[in-house]
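What follows is one structure encoded as structure tokens, with my remarks underneath.
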Amino acid sequence: MEKSVAWIDEKNIITIELNELEVTGETNLTIDVEGHTSPVQSIDLLNSKTVKITLQNTLPLGKEAFLNVGENKLPIYARDVVRTPWFDQTNDASDERLGYVYSQEKTSFSVWAPTATNMDLVLQDYRISMGRKSNGVWHTTVVGNWNNAHYHFAVSVNGKEQQVNDPYGKSMTANSGRSVVLDLDSTDPSGFRGINYPKVSKQDAIIYELHIRDATSSVESGVQHKGRFLGLTERNTKTSAGYSTGLSYIKNLGCTHVQLLPVQDFARVDETKPKESYNWGYDPLFYFVPEGSYATDPNNPYARVNECKQMIQAFHEEGLSIILDVVYNHVFCHEESAFEKLVPGYYFRYQQDGSLSNGTGTGNDIATERKMARKFILDCIDYWINEYNVDGFRFDLMGAMDVETIKAIQSRCLQEERPILLLGEGWELDTQLPSNQKATNSQADHLLEVSFFNDTFRDSIKGNLFKSDDVGYANGNGHYIERLPQLVSGSCNEKFGDRLFSNPLQSVNYVECHDNHTLWDRLRISNPDASELNRKRMHQIATGLTLLSQGVPFLHAGQEFFRTKNGDENSYISGDNINQIDWLQRGREDETVQWVHNLIALRKQYSLFRLDSSEEIQHRLHIISAPDPVFGYMIVGEREDFAIFINPTDQEMKIGMPAEGRWEKQISNHSPASPISCLLQTSTDMGAFEIAVWRKKRF
């Protein structure tokens, strides 16, 4: 039978869960804290197995304490008390610098663990006792040059000692073996701090989502360091047919930002044998550490840091900004996480019955609303901005995070001279946090600097994500056409009904991302009887609307050449054969690649496609009357006007231009390789599944 344990559930309340013991009104109960008695105020028998003891004073944490029950001596451990506001306030170490601070003469180490009764630093082969501050921070300073030294902590908490790596560690040995002290200054590539690259605001952003390994793992990538950080530093790589790949291809496409799937240390890939397993990276382990499977030598803690910086530097040198996909909503394994080993029960949300909250669907939800969890996230954001020069963050399952933490991140990022883009998945998730505290789409008015993935845009264009046979505007003969006025307006235009956002820059417009089926695979399911040519044109309509609508356009790598994952809907561990970018396909579909390039160039050339306020959109964007289900809209400028028409049918349709004058057809997916020069008067024909843009100069 399990022995009885006394648990601290409130600052002055202890709960005993009785097993072999019996407690009656005659039982002598005393509290012993390191030889000192703590007076008892009352004893309540809640049921036959549970006793609640209320103390006269607060029981100090971080000290060995025992409950004497007659002649039995029970250890007292912290439990629910760590999730009380009192604990958060009393042990608030938000102003402390945690982790290590290195110099050639000495290195200091700090770690937060208020309920621990002992903490030792294990540095190489030395075990060093650490001192405790009143806020629960354990610290020590070790004289000497400890660059490249391995370390971890030996923490005693709740009656057992565990070995734990530093959650603030900056690099590690292979497979998250041990934390490593690094002289971070030495990890900078030459010129890393002085690159003069375009600092692109959100208004001008065009985002390209990329998995580091997918980008270069194909034999046809022409890249030497396949699947590595360094693979995305190589310039002028080509396929065997001579088509550009990798970094140079991405630069030439014209997007402004590359959004990288998680680069922070993650589980499920053996870093020493990366080809034997695959993962997107949404199984986070250590948040300050670059993933070792992307380094040329995962056993060298210096390599992963230096090579990650080399990759970012290469993107910056090509004029591209970097957004990191970050996962602050859960950890890979709750029980084995450094958070749980250091402060059991604190960093995660719990149900009323004491079980873990699981709104993320991963087994645990990080309690971002608690002070030291919020501090950890803010420190991590700060670190990647300062140490790695990144330009933005995409928050995985942001709806599981709290509004105040996202607001704090927002405030921190506004302190930078360069724009730091913030975007996230604002889905409503069943986590143990009140709805009005979740950073969901419904709270967009409180997070004006944050952009949200617009699932209404996605589902209206290609069909409901969770209904494989559903169709949208592009592939359903104009289905959901009534939604398009709002969607092309950045989902913030009150004259077109209920708005989703306060301003267009809060809307991330997309029809494909790493999750779920690629758009091409979805069209195969939803439109099985359509010809391949018509499916390609449906695909082009969806991509075209993404790039021509107000808001922030988002493309998934390979979307521009009909990327397929062979029908795999959730390829997070499916391997390179499914996930790698098919660079031969890029060559076969070069004409469509050039069409997307031209669309991007058009958007970048004319600010009318990048309006930054709902007021400007209401003033300049007008819906054009067209034969159903053709959709048209006009954007009115000072020097020119644009008319955009989409025909989502397999029939040719005659349309009327919105005004008389000399209209020049700028671009169409029916002639994707180059712009078209064609003067029109009042009407013209729209081809089957055509999306086209006309421009009229004002003289």
Side-chain angles (χ1 to χ4, degrees), residues 207-215 217-218 227 259-264 266-270 274-285 291 293-294 325-333 358-365 394-400 423-431 453-455 457-459 461-472 475 508 510-528 539 542 554-559 562-582 585:
I207 300 172
Y208 192 76
E209 185 190 40
L210 186 71
H211 184 268
I212 290 171
R213 182 162 161 178
D214 293 358
S217 58
S218 167
Q259 178 179 300
L260 297 172
L261 268 69
V263 306
Q264 296 158 316
F266 57 79
R268 297 208 211 198
V269 174
D270 184 340
K275 292 184 179 180
E276 295 184 4
S277 49
Y278 176 94
N279 198 268
W280 280 343
Y282 297 96
D283 293 317
L285 294 173
E291 167 60 19
S293 67
Y294 296 149
D325 193 336
V326 288
V327 188
Y328 297 123
N329 59 77
H330 76 279
V331 298
F332 171 62
C333 179
N358 187 26
T360 61
T362 60
N364 61 86
D365 303 338
R394 177 263 191 193
F395 298 100
D396 179 65
L397 298 184
M398 185 173 68
L423 56 152
E425 296 178 307
W427 323 137
E428 177 70 39
L429 300 169
D430 187 21
T431 186
F453 281 83
N454 191 337
D455 53 340
F457 187 99
R458 176 198 67 201
D459 291 353
I461 302 304
K462 70 175 183 180
N464 188 298
L465 181 69
F466 303 106
K467 298 178 181 178
S468 61
D469 58 347
D470 193 35
V471 291
N475 61 330
V508 177
Y510 76 113
V511 291
E512 176 179 326
C513 67
H514 67 276
D515 274 326
N516 308 107
H517 288 116
T518 66
L519 178 56
W520 182 252
D521 289 346
R522 170 62 184 246
L523 291 174
R524 282 176 166 171
I525 296 170
S526 60
N527 300 82
H539 196 291
F554 176 101
L555 301 178
H556 180 220
Q559 176 180 335
F562 312 119
R563 183 175 181 176
T564 178
K565 294 185 180 180
N566 298 326
D568 193 328
E569 186 179 8
N570 189 18
S571 66
Y572 74 109
I573 56 173
S574 295
D576 293 324
N577 60 324
I578 293 293
N579 287 287
Q580 66 186 358
I581 291 180
D582 183 353
Q585 173 80 350

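Residue indices begin at 1 and follow the sequence shown.
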Main-chain N/O of R268 paired with N279 side-chain donor or acceptor, under 3.5 Å: no

Side chain proximity check, V508 to N454, heavy atoms < 4.5 angstrom: no

Ionic contact status for R458 with E512, cut-off 4.0 Å: no

F332 and F266, any side-chain heavy atoms less than 4.5 Å apart: no

Min side-chain heavy-atom separation Q264-P284 under 4.5 Å: no

Side-chain touch E425/D515, heavy atoms, less than 4.5 angstrom: yes

Donor-acceptor contact below 3.5 Å, side chain T360 vs main chain N364: yes

Any F562 side-chain heavy atom under 4.5 Å of L523 side chain: no

Side chain to side chain contact (heavy atoms under 4.5 Å, CB included) against D459, all qualifying residues, sequence neighbours excluded: N464, L465

Aromatic plane relationship, Y278 with H211 - under 30° parallel, 30 to 60° tilted, over 60° perpendicular: tilted

Note, N329 side chain near F395 side chain (heavy atom, < 4.5 Å): no

Within-4.5 Å side-chain heavy-atom neighbours: Y510 and E209: no

Nearest non-hydrogen partners of S574 and D568, listed with the distance: OG-OD2, 2.6 Å

Y572 and D283 side chains, donor-acceptor separation under 3.5 Å: no

For P274, all residues meeting side chain to side chain contact (heavy atoms under 4.5 Å, CB included), sequence neighbours excluded: R213, R228, V269, S293

Side-chain heavy-atom pair D325, Y282 within 4.5 angstrom cut-off: yes

Nearest atoms (heavy-atom pairs only) where H517 meets R522: CB-N, 4.0 Å

CG on D365 to CG on N358, rounded to 0.5 Å: 6.0 Å

Residues that A557 engages under side chain to side chain contact (heavy atoms under 4.5 Å, CB included), provided they are two or more places apart: Y208, L210, R563, I581

D270-S277 side chain donor-acceptor pair, cut-off 3.5 Å: no

D582, I578, N570 screened by side-chain contact (heavy atoms from CB on, under 4.5 Å) with K565, the one that passes: I578

Spacing of NE2 belonging to H556 relative to OG1 belonging to T518, to within rounding of 0.5 Å: 8.0 Å

